[in-house]
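Note that these values count all heavy atoms, side chains included, but never hydrogens, waters or copies made by symmetry.
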Amino acid sequence: MLVAVTCVALMAAFEIIWKPSYIIKAGVKIVLLLIIPLVVTFSFRCCSGVNKVAIGFMRALKPGIKTGIIAVTIGAAVYAFIIIAYLLLRNIIDLSRVTDALANGVGVGKDNFLYVSLYIAFVNSLIEEVFFRAFCFFGLKTLIPRRKAYLFSSVLFSVYHVSMLIGWFSIPIFAAVLIALVAAGVIFIGIDEAFNSVFASWATHCFSNLAVNTIGLVLLKII
């Protein structure tokens with residue numbers, strides 16, 4: 001838990017203080033949210049001498065064809081839901097800050113948005129699933145009660161996005177988004193537990209990001 005919180009805190013500090021380009025940010029994220037958790041996971045030893053954390057972690061990384069088909073179906077439904085919600089609420093919620101935040105915060109604009117969006121959808125989402133679900137839930141629940149692992153992983157998933165979303169929305173919308181992210185974390189874990197694999201939530205996460213990126217394409221007037 002300390003390692004997870006420290007990695008998220010360092011990621012936030014790096015993003016807020018340095019404000020690097022997206023490529024540098026992606027590299028730092030790979031180190032903090034993937035390499036360090038992997039090293040910690042496979043070097044951890046419980047009092048019994050059995051590496052229960054690594055066992056729980058590895059079980060969560062097993063893919064499956066049935067899992068993939070169902071997860072893609074759920075993901076497609078999530079994509080449709082987000083797009084429909086945007087179409088219904090676009091005249092109510094002010095999203096004009098989003099494009100400015102992307103351009104000024106991480107240097108994402110019309111020229112590179114498509115490449116960044118594909119990375120976010122497929123690679124970044126996998127890194128987050130490995131960290132927040134495999135490491136912060138499946139690995140952690142071998143050491144603490146399942147409900148606490150659920151809460152820790154889901155809340156940390158939301159907190160992790162705070163530094164990214166600062167300045168994007170008005171305060172009420174910002175608070176609603178953070179609550180929604182906690183709910184998303186709970187849903188992702190539930191999907192993973194049903195199939196005992198983070199690849200289930202990864203597919204859903206991919207489609208969620210693709211939906212948000214589609215909205216980004218509209219806001220940037222690329223499509």
Please test K29 against N124 for side-chain hydrogen bond (donor to acceptor under 3.5 Å, both in side chains), starting from the C-alpha separation and ending with a verdict.
CA-CA 9 Å; K29 183 176 293 186; N124 186 72; 2.9 Å; yes
Taking all non-hydrogen atoms of both residues into account, name the closest pair between A121 and L210 and its distance.
CB-CD2, 3.6 Å
Using the rule that Ile, Leu, Val, Met, Phe, Trp and Tyr join whenever any side-chain heavy atoms are under 4.5 Å apart, tell me whether L181 and I173 fall into a single cluster.
yes
Yes or no on side chain to side chain contact (heavy atoms under 4.5 Å, CB included) for T41 and M58, after CA distance, side-chain angles and deciding distance?
CA-CA 10 Å; T41 295; M58 289 305 297; over 6 Å; no
Checking V162 against F174 for the side chain to side chain contact (heavy atoms under 4.5 Å, CB included) test, could you report, in this order, the C-alpha distance in whole Å, the side-chain angles of both residues, the deciding distance, and whether it holds?
CA-CA 9 Å; V162 169; F174 182 74; 4.0 Å; yes
To the nearest 0.5 Å, what is the distance between CG (L38) and CZ (F131)?
11.0 Å
Value for CZ (R146) from CG (L151), rounded to nearest 0.5 Å, stands at 12.5 Å
What distance separates E128 CD from I120 CD1, expressed to the nearest 0.5 Å?
9.0 Å
With clusters defined by side-chain heavy atoms of hydrophobic residues (ILVMFWY) lying less than 4.5 Å apart, directly or transitively, does L10 cluster with I35?
yes
Determine yes or no for a side-chain-to-main-chain donor-acceptor pair under 3.5 angstrom, with W202 supplying the side chain and F122 the backbone.
yes
State the CD-SG distance between E129 and C136, to the nearest 0.5 angstrom.
11.0 Å
Tell me, with the steps shown, if D192 and S201 meet side-chain hydrogen bond (donor to acceptor under 3.5 Å, both in side chains).
CA-CA 6 Å; D192 286 342; S201 62; 2.7 Å; yes
Answer yes if I83 and V78 sit in the same cluster of Ile, Leu, Val, Met, Phe, Trp and Tyr residues linked by side chain heavy atoms under 4.5 Å apart, and no otherwise.
yes
F207: ring-ring contact (aromatic ring centres under 6.0 Å, His included) partners, not counting sequence neighbours
none
Could you go through F137 and Y150, starting from their C-alpha distance and side-chain angles, then the distance that decides it, and tell me whether this counts as ring pair (Phe, Tyr, Trp, His ring centres under 6.0 Å)?
CA-CA 6 Å; F137 177 72; Y150 244 102; 5.1 Å; yes
More than 12 heavy atoms of other residues, nucleotides or ligands under 6.0 Å from CD1 of I23: is that the case?
no
Charged tip of R133 within 45° of F157 ring normal and under 6.0 Å
yes
To the nearest 0.5 Å, what is the distance between CG on N209 and OG on S125?
5.5 Å
Using a 4.5 Å cut-off on heavy atoms from C-beta on, say whether the side chain of I55 contacts that of T142.
no
Under the side chain to side chain contact (heavy atoms under 4.5 Å, CB included) rule, what do L33 and Y160 come out as? Steps first, then yes or no, please.
CA-CA 11 Å; L33 302 190; Y160 159 77; 3.6 Å; yes
What one should report as the nearest heavy-atom pair of C7 and I36 is SG-CG2, 3.9 Å
If you define the side chain from C-beta out and look only at heavy atoms, does anything of M1 sit under 4.5 Å from L143?
no
Please check if L140 and I127 belong to a single hydrophobic cluster, counting links between Ile, Leu, Val, Met, Phe, Trp and Tyr side chain heavy atoms closer than 4.5 Å.
yes
Electrostatic pair K141:E193 at N-O distance under 4.0 angstrom
yes
Y79 pairs by side chain to side chain contact (heavy atoms under 4.5 Å, CB included) with which of T204, V212, T214?
T214
Using the ring of each side chain (for Trp, its six-membered ring), is F188 parallel, tilted or perpendicular to H205, with breaks at 30° and 60°?
parallel
Quick one: does I30's side chain get under 4.5 Å of V123's, heavy atoms only?
no
With side chain to side chain contact (heavy atoms under 4.5 Å, CB included) as the test, would you mind laying out the steps for F132 and I189 before giving the verdict?
CA-CA 9 Å; F132 290 103; I189 293 173; over 6 Å; no
For the residue pair L32 and M11, what are the closest heavy atoms and their distance?
CD1-N, 3.7 Å
Treating Ile, Leu, Val, Met, Phe, Trp and Tyr as nodes and any side-chain heavy-atom pair under 4.5 angstrom as an edge, say whether V155 and F138 lie in one connected cluster.
no
Shortest non-hydrogen contact from L61 to A134?
CD2-CB, 4.2 Å
Check the angle between the aromatic planes of F14 and W18 and answer parallel, tilted or perpendicular using the 30° and 60° thresholds.
perpendicular
